[in-house]
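The block underneath contains the structure these notes are about, expressed in structure tokens.
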Amino acid sequence: MLFSLRSSTPIIFAALAAMTSQGQAQTADETARFGQLERVFQTATIVGVPEIADCTLSGGSTAKCFKITVVAAPSDHVTGPFCPRTIADTAQDGGTWFVDGEVRDVDGDFIARLAEVYDDDAWQMHDPETGDVYRRAGEIGCLVAGDPTNETGQPDNICVECELGYVGKTVTQTYFIPLIPVIAAGTGDRIGPNSGIGLAFNGVKFDAPAPLDLILGGHTLGPFDDCTGHINPHTGYHYHGVTEGCGARVAAAIEGHAAMIGVAMDGFDIYDRLNSGGAEPDGLDACRGHEIEGLGYHYHANRTAENQVIGCFTAETGCSTDDPDAPCDASAPQRRPRP
Ligand SMILES: [Zn+2]
Ligand SMILES: [Zn+2]
């Protein structure tokens with residue numbers, strides 16, 4: 001939509017306010033979507049103010065993106081615990097982990113029985129004399145969580161945890177989410193190792209799948225807390241699954257439909273897995289999306305233990321980065337994955 005100088009004064013102001021730094025006004029649909037996203041992300045801990053920014057999406061399309069910088073920590077629930085201290089600790093003292101497609105409590109007993117759980121006698125994550133769990137916590141835990149392959153002399157069989165207080169700085173994440181999704185060529189974009197899946201309304205990233213093979217290959221665990229999130233010094237606190245009762249929800253515009261929990265990196269909304277009747281919607285596509293009247297196309301979250309919040313992206317994705325000043329070119333090669 002073009003704004004004429006003969007328009008009434010408030011419209012001119014609105015148009016100017018909606019200009020991007022590159023100077024090109026967006027469409028009315030983009031403006032409306034921006035206002036909607038600004039409202040639903042009020043529950044995040046926002047740094048600065050959200051704006052409309054030019055972005056290059058994963059398929060090379062140029063678009064207008066919702067740009068928001070958030071503190072990478074949940075605004076509405078505590079984080080941890082992650083690793084139990086001893087093999088006598090209960091589920092309240094530890095977090096969770098994915099085993100064979102199920103969410104398991106990482107309590108002391110789980111640590112004690114790892115060799116059995118993974119059918120591999122090389123697992124021994126506690127001191128047989130004292131029952132103490134072998135952990136890497138504090139600053140060193142964050143170092144290992146940020147780069148599990150890099151610590152020289154790192155022993156096998158450690159439970160790694162990083163807490164926000166030991167990261168040494170406030171981690172922020174800056175997101176560029178397309179205001180109007182640009183449908184991807186082909187059958188849907190794969191979820192890359194470093195793109196992230198989306199952003200929850202409480203400011204937490206839905207991250208790419210945790211690299212379980214890499215972690216387990218070193219006989220290590222990087223437990224999630226009971227909200228299926230954990231921390232590394234690059235991404236801050238992030239989720240690997242959607243968990244009931246964790247994080248802000250926005251009621252759907254349709255009665256009985258699952259509540260909305262966040263927005264995917266391709267600009268489509270993500271809703272809870274189950275509708276209010278307790279059933280998963282029929283007819284979801286491979287990306288776990290469907291289109292229904294009143295809500296348009298949207299995703300429903302996977303089962304928590306699938307380690308991947310949605311199946312794939314239907315549209316081209318924007319960017320997430322820990323550099324608040326970086327531009328967004330999602331078509332550029334990705335960096336290596338992080339836990
Ligand atoms: Zn739905
Ligand atoms: Zn992770």
Taking transitive links into account, so neighbours of neighbours count too, which hydrophobic residues share a cluster with Val71 at under 4.5 Å side-chain distance? Val47
Where do Leu221 and Leu216 land on the side-chain contact (heavy atoms from CB on, under 4.5 Å) test, with the steps shown first? CA-CA 7 Å; Leu221 295 178; Leu216 295 171; 4.1 Å; yes
Salt bridge (charged side-chain N to carboxylate O under 4.0 Å, His left out) contacts in which one or both residues fall within residues 237-261, not counting sequence neighbours: Arg249-Asp272
Rounded to the nearest 0.5 Å, what separates atom NE2 in His126 from atom CG in Asp89? 12.5 Å
Between atom CZ of Phe176 and atom NZ of Lys67, what is the distance when rounded to the nearest 0.5 Å? 4.5 Å
Do Thr304 and Phe224 come close enough that some side-chain heavy atom pair is under 4.5 Å? no
May I ask you to say whether Arg113 pairs ionically with Asp105, meaning some side-chain N is under 4.0 Å from a carboxylate O? no
Is there a path from Ile261 to Val40 through hydrophobic residues (I, L, V, M, F, W, Y) whose side chains come within less than 4.5 Å of each other? yes
Short question: side chain of His238, backbone of Ile231 - any donor-acceptor pair under 3.5 Å? no
Between Cys162 and Cys142, is the disulfide (SG to SG under 2.5 Å) condition met? List the steps. CA-CA 4 Å; Cys162 174; Cys142 291; 2.1 Å; yes
State, to 0.1 Å, how close Leu295 and Ile254 come at their nearest heavy-atom pair, and which atoms those are. CG-CD1, 3.7 Å
Quick one: are Ile310 and Cys287 in side-chain contact, heavy atoms under 4.5 Å? no
Does any non-hydrogen side-chain atom of Val106 lie less than 4.5 Å from one of Ile111? yes
Tyr271 vs His257 aromatic rings, parallel, tilted or perpendicular, using cut-offs 30° and 60°? perpendicular
If hydrophobic clusters are built from ILVMFWY residues whose side chains come within less than 4.5 Å, do Val250 and Phe66 share one? yes
Would you say the SG of Cys227 sits less than 2.5 Å from the SG of Cys246? yes
With side chains defined as the heavy atoms from C-beta onward, is the minimum distance between Tyr175 and Met265 less than 4.5 Å? yes
Hey, does the side chain of Asn275 reach the backbone of Gly277 with a donor-acceptor pair shorter than 3.5 angstrom? no
Strictly by modelled atom types, are Gln36 and Arg39 linked by a side-chain donor-acceptor pair under 3.5 Å? no
Short side-chain donor-acceptor distance under 3.5 Å, Lys205 and Ser320: yes
Take His298 and Phe268, measure what ring-ring contact (aromatic ring centres under 6.0 Å, His included) needs, and give me the verdict at the end. CA-CA 5 Å; His298 59 274; Phe268 287 120; 9.1 Å; no
Spell out, as yes or no, whether a donor-acceptor pair under 3.5 Å connects the side chain of Ser58 to the backbone of Glu316. no
Side chain to side chain donor-acceptor pair (under 3.5 Å) involving Asn202 - partner list, sequence neighbours excluded: Asp76, Tyr239
Could you tell me whether Asp100 atom CG has more than 12 heavy atoms of other residues or ligands within 6.0 Å of it? no
Is the side chain of Glu306 donor-acceptor paired with the backbone N or O of Arg303 at a distance under 3.5 Å, no angle test? no
Donor-acceptor check, side chain of Asn307 to backbone of Ala210, threshold 3.5 angstrom: yes or no? yes
Taking side chain to side chain donor-acceptor pair (under 3.5 Å) as the definition, give me every residue that meets it alongside Thr243, ordered by chain and number, with sequence neighbours left out. Thr228
Rounded to the nearest 0.5 Å, how far does CG of Asp322 lie from OG1 of Thr174? 8.5 Å
Electrostatic pair Lys64-Glu51, nearest N-O below 4.0 angstrom: no
Nearest atoms (heavy-atom pairs only) where Phe82 meets Glu161: CB-OE1, 3.6 Å
Are we looking at SG atoms under 2.5 Å apart for Cys328 and Cys55? no
With a 4.5 Å heavy-atom cut-off, do Pro233 and Val171 have their side chains touching? no
Can you name the nearest heavy-atom pair linking Gln124 to Asn157, along with the distance? N-OD1, 2.8 Å
Rounded to the nearest 0.5 Å, how far apart are CD1 of Ile270 and NE2 of His300? 11.0 Å
Is Tyr297 atom OH crowded by more than 12 heavy atoms from other residues, nucleotides or ligands, each under 6.0 Å away? yes
Start with the C-alpha gap between Thr62 and Thr56, add the side-chain angles, then the distance that decides, and say whether side-chain contact (heavy atoms from CB on, under 4.5 Å) holds. CA-CA 4 Å; Thr62 55; Thr56 302; 4.1 Å; yes
Are Leu37 and Ile197 joined in one hydrophobic group, where the rule is that I, L, V, M, F, W and Y side chains link up if heavy atoms are under 4.5 Å apart? yes
Evaluate side-chain contact (heavy atoms from CB on, under 4.5 Å) for Ile183 paired with Thr314, printing each intermediate quantity in order. CA-CA 6 Å; Ile183 299 301; Thr314 299; 4.1 Å; yes
Does any part of the side chain of Asp266, heavy atoms only, come nearer than 4.5 Å to the side chain of Thr317, both counted from C-beta? yes
Any side-chain donor paired with an acceptor under 3.5 Å for Asp156 and His219? yes
For residues 277-287, which residue pairs qualify under salt bridge (charged side-chain N to carboxylate O under 4.0 Å, His left out), counting only residues two or more places apart or in two chains? Arg273-Glu280, Glu280-Arg288
Geometric class of the Tyr237/His77 ring pair [parallel <30°, tilted 30-60°, perpendicular >60°]: perpendicular
Could you give the distance from CZ (Arg135) to OG1 (Thr86), rounded to the nearest 0.5 Å? 10.5 Å
Kindly compute the distance separating CD1 (Ile87) from CG (Asp127), expressed to the nearest 0.5 Å. 9.5 Å
Shortest non-hydrogen contact from Trp97 toward Pro223: CE3-CA, 3.8 Å
Of all pairs that satisfy salt bridge (charged side-chain N to carboxylate O under 4.0 Å, His left out), the ones with a partner from residues 212-229, not counting sequence neighbours: none
Applying side-chain contact (heavy atoms from CB on, under 4.5 Å), run through Val70 and Phe41 and close with a yes or a no. CA-CA 10 Å; Val70 298; Phe41 280 108; 5.9 Å; no
If every non-hydrogen atom of Ala315 is compared with every non-hydrogen atom of Tyr299, which pair is closest and at what distance? N-OH, 4.3 Å
What are the two closest non-hydrogen atoms of Asn232 and His234, and how far apart are they? OD1-N, 2.8 Å
Please say yes or no: joined through hydrophobic side-chain contacts below 4.5 Å, possibly via intermediate residues, are Phe201 and Ile68 part of one cluster? yes
Is the closest side-chain heavy-atom distance between Leu199 and Val263 below 4.5 Å? no
It should be assessed whether the SG atoms of Cys83 and Cys159 lie less than 2.5 angstrom apart. yes
Taking the side chain as C-beta and beyond, is there a heavy-atom pair between Thr31 and Phe34 under 4.5 Å? no
State plainly whether one hydrophobic cluster holds both Tyr166 and Ile140, where clusters connect Ile, Leu, Val, Met, Phe, Trp and Tyr through side-chain heavy atoms under 4.5 angstrom apart. no
